[in-house]
Protein chains: 4
Amino acid sequence: MTEQELLRELLQAGDEQEKMSEKKVKILEAAIEMFSEKGYAATSTSEIARKAGVAEGTIFRHYKTKKDLLMAIVTPVLTRVVAPFLARDFAQKVFEDDYQSYENFIRALIRNRFDFVKKHLPMIKIFLQELAFHPEIKEQYRHIFVEHVYDKFRKIVSHFQQKGEIIELPPETVIRMTITTIVGYLITRFLVLPERDWDDDVEIEHTIQFLMHGLSRRKE
Amino acid sequence: MTEQELLRELLQAGDEQEKMSEKKVKILEAAIEMFSEKGYAATSTSEIARKAGVAEGTIFRHYKTKKDLLMAIVTPVLTRVVAPFLARDFAQKVFEDDYQSYENFIRALIRNRFDFVKKHLPMIKIFLQELAFHPEIKEQYRHIFVEHVYDKFRKIVSHFQQKGEIIELPPETVIRMTITTIVGYLITRFLVLPERDWDDDVEIEHTIQFLMHGLSRRKE
Amino acid sequence: MTEQELLRELLQAGDEQEKMSEKKVKILEAAIEMFSEKGYAATSTSEIARKAGVAEGTIFRHYKTKKDLLMAIVTPVLTRVVAPFLARDFAQKVFEDDYQSYENFIRALIRNRFDFVKKHLPMIKIFLQELAFHPEIKEQYRHIFVEHVYDKFRKIVSHFQQKGEIIELPPETVIRMTITTIVGYLITRFLVLPERDWDDDVEIEHTIQFLMHGLSRRKE
Amino acid sequence: MTEQELLRELLQAGDEQEKMSEKKVKILEAAIEMFSEKGYAATSTSEIARKAGVAEGTIFRHYKTKKDLLMAIVTPVLTRVVAPFLARDFAQKVFEDDYQSYENFIRALIRNRFDFVKKHLPMIKIFLQELAFHPEIKEQYRHIFVEHVYDKFRKIVSHFQQKGEIIELPPETVIRMTITTIVGYLITRFLVLPERDWDDDVEIEHTIQFLMHGLSRRKE
DNA sequence: CATGAATGAGGTTTCATTCAT
DNA sequence: TATGAATGAAACCTCATTCAT
């Protein structure tokens with residue numbers, strides 16, 4: 001499947017964990033859990049140590065500062081959030097008609113991001129929270145977004161605008177609506193009302209229909 | 001204007017400030033600024049005192065604990081975020097055809113919420129951040145939403161579904177898409193890319209068109 | 001007495017303590033005692049707090065950092081060590097024949113410094129120890145010495161060289177021998193062998209004789 | 001030369017290094033550099049390990065504790081500082097007229113100690129600093145001084161007093177003045193103003209002249 | 001012998017809160 | 001009501017030392 005290929009083409013980050021010592025992994029897991037539950041600033045290193053089952057000093061052998069520990073969590077998320085766009089031949093595939101329509105492209109994208117959020121929810125929560133308070137994270141993210149995502153996304157939108165499939169609004173507006181709709185769904189699904197009984201296939205399909213109708217070229 | 005009437009019918013919160021002593025207001029202002037910049041947990045009471053120009057102890061004369069100070073900021077937001085729906089005769093007006101269409105209703109809503117966010121951005125940032133970490137806030141909000149917003153909103157949606165204006169999806173899905181689209185716009189506008197040069201009238205209109213096309217009843 | 005006038009013309013530093021709160025004085029006293037006994041780096045702030053009878057946090061209300069506490073001790077010493085030379089009319093007096101000879105000048109100096117060291121030994125120990133490790137202290141001291149002491153001292157030496165009382169060596173060599181002899185005596189007296197039974201009047205007189213013979217113009 | 005013979009007759013300490021493993025030497029060198037720069041208490045063993053290029057644990061294979069490492073540096077200095085006096089036949093030589101005068105004896109002594117300080121300055125700095133804080137070091141030193149130096153020195157002084165070369169002050173006063181003058185010169189030369197452009201031969205000769213005049217028998 | 005991960009006691013500093021003034 | 005000195009618990013972090021490899 002194309003979506004799976006996208007994921008495979010992700011970045012490093014995966015193998016890191018394999019090289020990590022057991023304690024380091026425990027620390028990371030504990031930190032992710034605590035940070036996502038109580039927030040970075042409200043979580044103490046002693047709490048993390050306790051939950052990880054290590055001495056407090058051990059944390060600082062692996063991460064020079066508490067902030068470093070945060071960054072070790074957040075930096076991979078930084079890229080993985082926009083991972084599909086980082087694949088080298090990503091845009092190319094779109095243009096080569098791998099997904100004959102914007103709808104199919106969106107479908108692939110939403111399914112892929114759904115799986116990602118489902119799998120990495122705590123890390124993503126931390127990322128979203130701390131984005132607001134750490135200018136370096138924001139800056140790194142902005143850099144990745146502008147450099148690797150926005151351009152490709154704009155070309156894809158233009159492509160389907162030229163094919164007459166979607167409306168001739170400014171690409172950034174189309175991008176905003178697309179992202180907003182997808183992210184809005186995922187946040188509602190996983191953060192706002194996670195306990196509700198969701199029929200994800202149906203809901204995703206409705207979301208795609210909503211988005212596509214919203215963006216389809218108006219017929220006179 | 002209807003929208004203004006809505007606002008007037010808001011809750012307390014407004015007059016509170018008039019009864020407040022000058023120092024109390026200063027403290028509140030300082031706390032809002034600091035909490036929204038650095039986050040609740042990362043802001044110290046001594047910082048707030050310094051910024052407010054009062055002694056450290058004075059904060060605790062007015063607010064028993066730091067948490068109380070947070071709640072004093074967040075609680076009004078809680079209701080004001082969904083304020084339009086709290087007006088007693090709100091739904092009634094909709095049904096009495098004050099806004100002949102879902103589109104007009106949405107237009108009034110988005111304009112109203114736009115002004116609100118613009119005016120109270122820092123408080124809203126605090127609210128969104130801390131919602132994640134304080135179950136009481138979440139619970140209060142859920143309560144207000146379920147009690148006062150969801151029901152009315154569902155009735156409004158049903159109303160326009162019966163009038164044939166909007167698509168026959170489950171009302172909660174329609175609500176989600178509506179809210180998601182509006183909130184997505186406001187967040188992009190005020191939090192993600194506030195520094196961009198926005199033509200708000202145009203952008204709002206595009207957003208409404210997107211939403212209405214996305215939700216319009218499909219014609220065979 | 002001239003020596004007493006010198007002392008009176010000292011700098012500020014004296015009245016500071018009067019304005020200090022009781023706790024601040026206690027902290028300073030405790031810190032001086034501990035630093036001089038165990039050294040700055042080997043003394044913990046918790047030890048100081050215990051000895052001062054205050055909470056550890058109280059130290060940091062009065063001194064932002066442990067280093068600040070050190071500087072609060074060392075900075076006054078910095079000037080007081082060379083205090084006699086800081087009197088505005090000090091050199092003038094020497095030239096106006098207040099002390100008819102280099103010998104009398106030295107006698108006044110050594111007596112004055114003797115009293116000073118006796119009174120402030122712990123602070124002086126701290127000063128001497130930490131001078132070696134804190135470039136800022138060294139730099140401040142060098143500044144004071146070059147600016148206020150060396151020049152005056154050189155003029156005094158030249159004065160008595162011209163009067164034929166002391167030998168025509170380079171002034172800096174004469175200064176070195178004078179200081180070395182005085183400081184060597186004081187260090188032996190108060191640091192190396194403080195417990196010995198000293199007849200200070202006799203020892204001072206011997207030291208002066210030694211110095212004066214060592215520096216007297218050689219007769220052919 | 002007699003002075004060289006003295007040195008040869010020193011104690012152990014010299015050959016130690018030959019038996020030492022390469023790593024042990026590196027550790028010692030690193031420790032000497034760091035201790036003399038930042039002080040014993042302010043230097044961490046991990047810093048030493050880094051500078052020595054060994055693992056943290058390796059230090060503790062060679063020295064049971066950090067204190068042991070300090071003692072390994074300081075103990076040799078302890079004896080070497082007063083080394084000339086430790087030669088078995090040292091005093092004997094003086095009396096047998098190897099140095100026809102106190103002046104020549106002092107000249108040999110000051111030259112010898114000059115070379116020693118020049119060569120081992122960092123170790124000597126450490127010794128001087130830590131002397132103040134470690135009673136065992138002070139006690140050991142006092143023991144060596146009283147046992148091996150003071151007695152010999154006193155006899156030498158008496159010898160030249162009887163020969164009429166130097167003044168009839170209490171020997172301990174003469175010793176103090178001699179040591180003070182020599183040490184005062186060396187400290188000024190190597191610690192206080194090391195960066196100045198010294199003409200050591202001239203300065204040493206002036207120092208000797210100063211000392212000899214200061215101590216010479218007064219002529220009526 | 002050498003390593004370096006792990007420890008836990010203890011270091012400096014911050015913080016929310018109290019209370020005498 | 002307002003102050004700000006005082007508190008002591010707890011924050012982050014460092015350190016000397018140990019021990020399995």
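Letters A, B, ... are given to chains in the order of the sequence lines, protein chains preceding strands, and every chain is numbered from 1.
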Here the distance between atom P of E:dG10 and atom CZ of A:Phe60, to the nearest Å, is 18 Å
Paired to E:dG8 by Watson-Crick or G-U wobble criteria (both distances under 3.5 Å) is F:dC15
If pairing means Watson-Crick or G-U wobble with both distances under 3.5 Å, then the partner of E:dA2 is F:dT21
When you measure from the centre of the six-membered ring of A:Tyr63, is the NZ or CZ of A:Lys24 under 6.0 Å away and within 45° of the axis?
yes
Per salt bridge (charged side-chain N to carboxylate O under 4.0 Å, His left out), D:Lys51 is matched among D:Glu37, D:Glu29, D:Glu33 by D:Glu33
Under 4.0 Å between a side-chain N/O of D:Lys64 and OP1 or OP2 of F:dT18, yes or no? no
Between A:Thr43 and D:Gly57, the residue closer to the 5' end of DNA chain F by nearest nucleotide is A:Thr43
Ranking A:Val54 and B:Glu56 by the position along DNA chain E of their nearest nucleotide, the one closer to 5' is A:Val54
**Q.** Check: B:Glu56/B:Ser46 side-chain N/O donor and acceptor closer than 3.5 Å
**A.** no
When rounded to whole Å, the CG to P distance for the pair D:Leu69 and F:dT17 reads 10 Å
May I ask you to evaluate whether A:Ser46 reaches the phosphate of F:dA11, defined as a side-chain N or O under 4.0 Å from OP1 or OP2? yes
**Message:** Please tell me if C:Lys67 has a side-chain N or O lying less than 4.0 Å from either OP1 or OP2 of E:dT12.
**Reply:** no
Exercise for review: May I ask you to evaluate whether B:Thr45 reaches the phosphate of E:dC15, defined as a side-chain N or O under 4.0 Å from OP1 or OP2?
Suggested key: no
By nearest-heavy-atom nucleotide on DNA chain F, the more 5' of A:Thr65 and B:Ala55 is B:Ala55
In whole angstroms, the gap separating C1' of E:dA16 from CZ of B:Phe35 amounts to 12 Å
Separation of F:dA16 atom P from D:Asp68 atom CG, nearest Å, is 14 Å
C:Leu70 atom CG is separated from E:dT13 atom P, nearest whole Å, by 12 Å
Hey, is NZ on C:Lys26 packed in by over 12 heavy atoms from elsewhere, all under 6.0 Å?
no
The nucleotide from F:dA6, F:dA11, E:dT17 with an atom nearest the side chain of A:Ser44 is F:dA11
Considering just the side-chain nitrogens and oxygens of B:His62, establish if one lies under 4.0 Å of OP1 or OP2 belonging to F:dT1.
no
query = More than 12 non-hydrogen atoms from neighbouring residues, nucleotides or ligands closer than 6.0 Å to CD on B:Glu22, yes or no?
reply = no
To the nearest angstrom, the CD-P distance between B:Glu47 and F:dG4 comes to 18 Å
| query | Hey, does the side chain of B:Lys23 come within less than 4.0 Å of F:dT3's phosphate (OP1/OP2), counting only N and O? | reply | yes
Separation of E:dG4 atom C1' from A:Met20 atom CE, nearest Å, is 18 Å
- request: Considering just the side-chain nitrogens and oxygens of C:Arg61, establish if one lies under 4.0 Å of OP1 or OP2 belonging to F:dA5.
  value: yes
To the nearest angstrom, the OH-P distance between B:Tyr63 and F:dT1 comes to 13 Å
Please determine if B:Arg50 and B:Glu47 form a salt bridge, counting it only when a charged side-chain N lies under 4.0 Å from a carboxylate O. no
Among F:dT7, E:dT3, F:dT3, the one nearest any side-chain atom of C:Thr58 is F:dT7
